Every structure is written in structure tokens, then in C-alpha cells.
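Here's the structure we're looking at; comments come further down.
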Amino acid sequence: MSVRVRFAPSPTGYLHIGGARTALYNWLYARAVGGTFVLRIEDTDLERSKREYEELQKEDLKWLGIIHDEGPDKPNPKYGPYRQSERLDIYMKYALDLIEKDLAYYDFTTGEELEAIKAENEAEGVHTHYQGKWKNPGMKTEALAKIAAGEKPAIRFRAPMKAFALNDKVKGEVVYPADMVGDFVIIRSSGLPVYNYCCVVDDMLMEITHVIRGEDHLNNTVRQLMLYEAFKYTPPVFAHVSLLIGQDRQKLSKRHGATSVHLYKDEHYMPEAMCNYLTLLGWSHPEEKDIFTKEEIVPMFGLERFSSHSAIYDLVKFKYVNGQHLRKLTNAELVAQLNTIIPAGHAFHAQATAWKEQCVELLKQKVDFITEMQPMMDDMIFDENVEMTDELKDILSWETTPKIVSYIAAEVAKIEGFASEAQLNVWSEHAKKELGIKGKPLFMGLRAALTGKGHGPDLKFLIPLTPVSVLKKRAAKLGA
RNA sequence: GGUCCCAUCGUCUAGCCCGGUCUAGGACAUCGCCUUUUCACGGCGGUAACUGGGGUUCGAAUCCCCAUGGGACUACCA
């Protein structure tokens with residue numbers, strides 16, 4: 001039987017980093033074993049679910065390159081529909097079947113009554129295996145009569161009083177004691193099904209073979225195991241991966257900063273870098289490699305190398321990973337991106353393609369994010385101002401520096417466009433032979449005279465990229 | 001409170017299942033050096049961890065128990 005995995009987000013907000021990570025693990029596993037990756041939309045919470053969020057999440061997934069094989073937009077008639085809100089009749093049919101077999105029952109207990117029972121139990125410190133007031137099979141006729149009269153009951157599943165065991169691919173053997181959960185609602189009085197129930201019905205009907213999801217579902221699994229047993233269906237293989245947490249070791253949430261994928265997309269983080277970083281937060285490469293594309297990981301990927309403890313989501317290493325992926329891009333690719341990122345009207349757009357490629361070649365050695373390129377270029381190439389830093393003052397105070405400054409000012413006045421590397425060599429030779437300057441004062445003096453700064457990239461790369469008009473303005477300011 | 005899960009450098013982790021090869025390896029960060037007559041990139045090196053206590057064993061990071069700490073779940077949310 002071929003492997004089928006799924007990612008089942010709730011469209012109640014943007015795609016979360018943790019969600020992206022589980023989606024990625026599922027995708028990786030499907031690709032690794034030649035299986036099918038299904039996207040299912042868990043929108044039974046009508047209040048919070050919005051179709052626009054579904055679209056937004058799909059966009060984020062697409063941006064990451066996590067493409068599903070089946071889903072609302074790629075239905076397989078055998079398994080669809082893929083939105084739980086469109087499967088309501090299916091859930092009801094199976095629930096009625098459970099009632100028929102006396103594995104579930106109608107329950108008219110109201111929310112307030114339930115609260116009261118719970119409060120009472122808590123006060124007495126007793127731990128009870130809750131069973132609805134309507135648990136007695138003999139009460140079914142009465143229940144039916146109430147329904148006929150227009151009352152709306154919930155449907156409650158009869159939780160068997162026995163221990164369940166799970167052999168989880170990540171956590172190993174997990175045993176759930178017999179009294180862990182009481183009878184639980186599978187269909188709300190509104191007629192809408194509850195997560196733990198539709199999850200099972202769907203995974204069963206969609207023939208999901210492996211469930212890779214967050215550890216926060218580990219305790220839910222016992223309810224699902226009960227339902228699988230009631231349906232006489234072999235449960236899928238479970239792999240509960242550890243959670244992502246913040247610096248304070250709490251579950252990752254908005255107060256930890258940017259936790260939505262789209263924020264990173266907007267900031268022009270690289271999707272490959274994000275996948276790379278996220279993969280490593282809880283999974284390790286057999287050869288301890290740490291920079292890779294997700295396609296490179298596919299042949300290595302399996303359920304065996306997950307770590308069992310939660311991982312702190314920390315941007316510092318992400319930054320490094322992004323830098324590594326950035327440097328793997330060709331200059332043409334970087335230019336193409338900068339063309340869209342840098343605002344219209346910026347001097348960058350006026351330059352020739354060759355100039356742009358040389359520019360990114362220089363810049364990519366200095367930054368981890370593509371968004372850092374423009375500010376850096378503004379500062380190093382297009383900045384006409386001269387800021388009197390201590391470092392610059394120091395260089396300017398050297399005996400020979402003023403000579404170079406005035407020489408360069410006179411020289412740049414003679415040319416237009418860009419100064420070539422050869423031109424730079426001529427200036428340097430002149431300063432050496434005619435002005436009698438050498439060593440550090442020569443090179444630093446030249447740098448100061450040309451850039452108005454004490455440090456920066458190699459002059460032979462930087463000067464041919466700097467418009468002479470800018471050099472002239474700097475020279476004028478230095479002379480003043 | 002109850003149930004379940006987890007515990008190796010500051011962080012991500014390797015090693016753990018199948019005890020000795022671990023004076024615990026890698027990566028990020030940090031510090032130093034080299035390279036670059038500057039900066040960055042790159043290269044080399046340093047600092048830095050088996051939560052504690054018992055047990056089993058000739059021998060424990062590795063197996064068992066307890067403690068402590070952290071987390072998750074405990075809904076007619078997902």
C-alpha cells in the first residue's frame with residue numbers, strides 16, 4: 001500500500017512557522033517514499049474559519065515549495081471533498097452508525113450543566129471518567145422523541161474503560177491509562193463535528209497511512225485510537241514531532257515576534273533557507289550536513305531522526321542559513337530579485353546589466369539578506385556625503401593624505417561616467433611615484449579621498465562601480 | 001490538580017535503541033589568529049554541555065528507579 005500523508009491546517013489565520021514545519025516534514029516524507037501528500041482543510045470551527053485564510057495559507061505553502069498532490073484544488077474523486085465543512089453529511093452518517101451500534105449516544109446535557117459537574121468534581125478533587133446523563137442505552141427512544149420535538153442533542157462517544165497503547169515513531173511506546181478520558185462529544189448540538197472525530201473519519205476515508213503532526217496532539221491520540229477501534233479500522237502510523245518554542249521556553253506565539261510565514265516572505269527571506277532551517281529544528285541529517293535544499297534532503301529523509309525534545313526558534317542561525325543560500329544564487333538571479341525589490345527611481349535601475357551583476361557580486365559577500373543590499377549600496381556606492389568619523393579624521397590627519405585628496409579631486413574633475421580599474425591603478429602609481437607616498441598612507445589615503453570612508457570593499461571592485469559624479473561630490477566635501 | 005511527553009555546550013544538535021572506540025563530535029553565536037595594507041567572505045584555533053541522586057555493571061551520556069525542572073493535554077477549539 002502506498003504511503004499517504006496529509007497536512008491539515010485550520011484556516012483561522014496565517015500559516016504559522018510550526019505549521020510550515022509539520023507541512024514540510026509531511027512533504028519530505030511523501031517525497032522520500034514516493035507517497036502522496038494531501039492538503040485537507042479543517043474548517044469545522046465556523047466562527048474562526050475564513051476562506052481567505054485558506055488561500056493565504058496555500059500561498060505561503062506554495063512560496064515554500066511545499067506543493068500538495070491532492071487537495072481542494074486538486075481533488076481525487078475517490079477521497080474528496082477536502083474541506084471538512086463539505087463533509088458534514090459524511091460525519092453525521094458515521095456518527096449515526098456509531099449510535100446504531102450503541103458505541104455512541106445522544107446527550108442533551110447543556111454546557112452549563114457540564115460546567116457545574118466539572119466544578120463539583122474539581123472541588124472534591126475527584127477524577128471521574130465522565131459519562132453523559134443520557135448514557136443509558138434504554139434512553140434512546142426518549143432521546144429520539146425529544147429530537148422529534150425539536151431539541152438538539154450532542155452525540156457523545158462511549159469511551160471504553162480500558163488502556164490504550166501507541167507505538168509512536170518519535171516518542172516510542174506511549175500508554176494511556178484506562179480512565180484518561182471520559183465519554184466525549186463527536187458531534188456538537190449544532191450538528192458540527194469535533195476535531196478528534198472528523199480527523200479520524202477523514203484519515204480513515206482518505207486512507208492516510210502516516211500522521212506526522214505536533215506533539216500537542218499526543219494526548220488527543222487516545223481518543224482517536226478509541227474511534228479507530230470502534231470503526232474496526234487499523235490506525236495509521238503516528239509520528240508526534242516535538243514543538244517549537246520561544247526563548248522563554250513557552251509555546252511559540254505572537255509575542256515571540258514574527259511567527260507567521262508571510263512575514264518572512266515579505267521580508268524577502270529565501271524560501272529554501274526557511275525550509276532548510278525549519279527542517280533542522282527537530283530533525284538531523286545523518287551526515288550532520290546543515291546547508292541543503294529540501295530536494296537534497298528527500299533521499300535522506302525518514303521518520304527515524306527526529307529529536308524528542310522541543311526546539312527554541314531562534315533567528316540567529318536562520319540568518320546564517322539564509323546567507324549561505326543567498327551566496328548560492330547566481331548574480332543574474334540576484335539582479336532579477338533586486339530589480340523587483342528596489343523602488344523605482346533608484347539609481348540602481350539606471351545602471352547597465354553588467355554593472356548590476358558586478359555590484360551584487362560585491363554585495364553578496366557582505367550580507368545575509370537580499371534586503372540588506374540596497375542600504376549597503378546606498379552607503380558604499382551612491383552616498384555623496386562625507387561623514388567625519390573618528391576613523392576618517394585620523395586618516396585625514398596624516399601628513400600625506402591632503403596631497404592625495406587634492407590630487408584625486410583634480411583627477412576626477414577630468415572624467416565622466418565611471419573610473420576603470422586601470423584608471424585607479426594610474427592614480428595609485430602617480431601617488432606613489434610623483435607624490436612619494438607608499439604603504440598604508442597611500443592605500444588608506446586613496447580610500448579616504450575616493451570613498452570618504454575609512455573602510456569598505458576592495459577599491460578595485462568598488463571604484464569602477466561608483467559614478468564619477470559621486471566621486472566629485474565627495475572630493476569637494478573633503479576639500480572643504 | 002490529573003494524565004502524557006521531554007531533559008547533552010548560550011542555541012540547533014551527534015552519540016543513546018545494540019553500555020567500553022566519549023579526556024562527548026559538528027553547526028550557529030562568541031573570542032583569538034591567518035588572509036585582506038581597511039571591512040566582509042574564507043581558513044585555522046579557543047571558551048563552552050551529559051539536570052541531580054540512587055541503582056545495575058569490571059565499566060553508564062548510553063540501561064532501571066526516584067527527585068527536580070520544562071512542556072503539552074485536560075472544550076459541544078483545532
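Lettering of chains follows the sequences in order, A, B, ..., and the numbering in each one begins at 1. Since this is a predicted model, take the numbers as computed values, not measurements. Only this structure's heavy atoms are used, side chains among them; waters, hydrogens and symmetry mates stay out.
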(request) Choose from U13(B), C6(B), U11(B) the nucleotide whose nearest atom is closest to any side-chain atom of Ala311(A). (result) U13(B)
(request) Rounded to the nearest angstrom, tell me the gap between atom CD in Glu288(A) and atom C1' in C12(B). (result) 11 Å
(request) Kindly point out which of A72(B), A78(B), A27(B) is positioned nearest to the side chain of Asp290(A)? (result) A27(B)
(message) Whether the side chain of Ser310(A) and the base of C6(B) hold a donor-acceptor pair under 3.5 Å is what I'd like checked.
(response) no
Enumerate the protein-to-nucleotides 39-42 of chain B contacts in which both atoms are nitrogen or oxygen and the separation is below 3.5 Å.
from: C39(B); atom 1: O2; to: Lys366(A); atom 2: NZ; distance (Å): 2.1
from: A40(B); atom 1: O2'; to: Gln365(A); atom 2: O; distance (Å): 2.7
from: C41(B); atom 1: O4'; to: Gln365(A); atom 2: O; distance (Å): 3.1
from: C41(B); atom 1: O2'; to: Gln365(A); atom 2: OE1; distance (Å): 3.0

(message) Can you say whether a donor on the side chain of Lys289(A) sits under 3.5 Å from an acceptor on the base of A27(B), or the other way round?
(response) no
(request) Output yes when at least one side-chain N/O atom of Ser307(A) is less than 4.0 Å from OP1 or OP2 of U13(B), else no. (result) yes
(request) State whether Phe348(A) and Lys356(A) meet the cation-pi test: NZ (Lys) or CZ (Arg) under 6.0 Å from the six-membered ring centroid, and within 45° of the perpendicular axis. (result) yes
(message) What residues from residues 42-54 of chain A pass a heavy-atom cutoff of under 4.0 Å to RNA chain B?
(response) Glu42(A), Thr44(A), Asp45(A), Arg48(A)
(request) Could you work out which one of C6(B), A14(B), U37(B) sits closest to the side chain of His309(A)? (result) C6(B)
(message) Heavy atoms from C-beta onward define the side chain here; which of A78(B), A72(B), C4(B) lies closest to that of His217(A)?
(response) A78(B)
(message) Using the P atom as the point on both nucleotides, what is the distance between G10(B) and A49(B), in whole Å?
(response) 7 Å
(request) Side chain of Ser189(A) only, please: which of A72(B), C76(B), U74(B) is the nearest? (result) C76(B)
(message) Please compare Phe443(A) and Asn219(A) by the position of their nearest nucleotide in RNA chain B and report the one closer to 5'.
(response) Phe443(A)
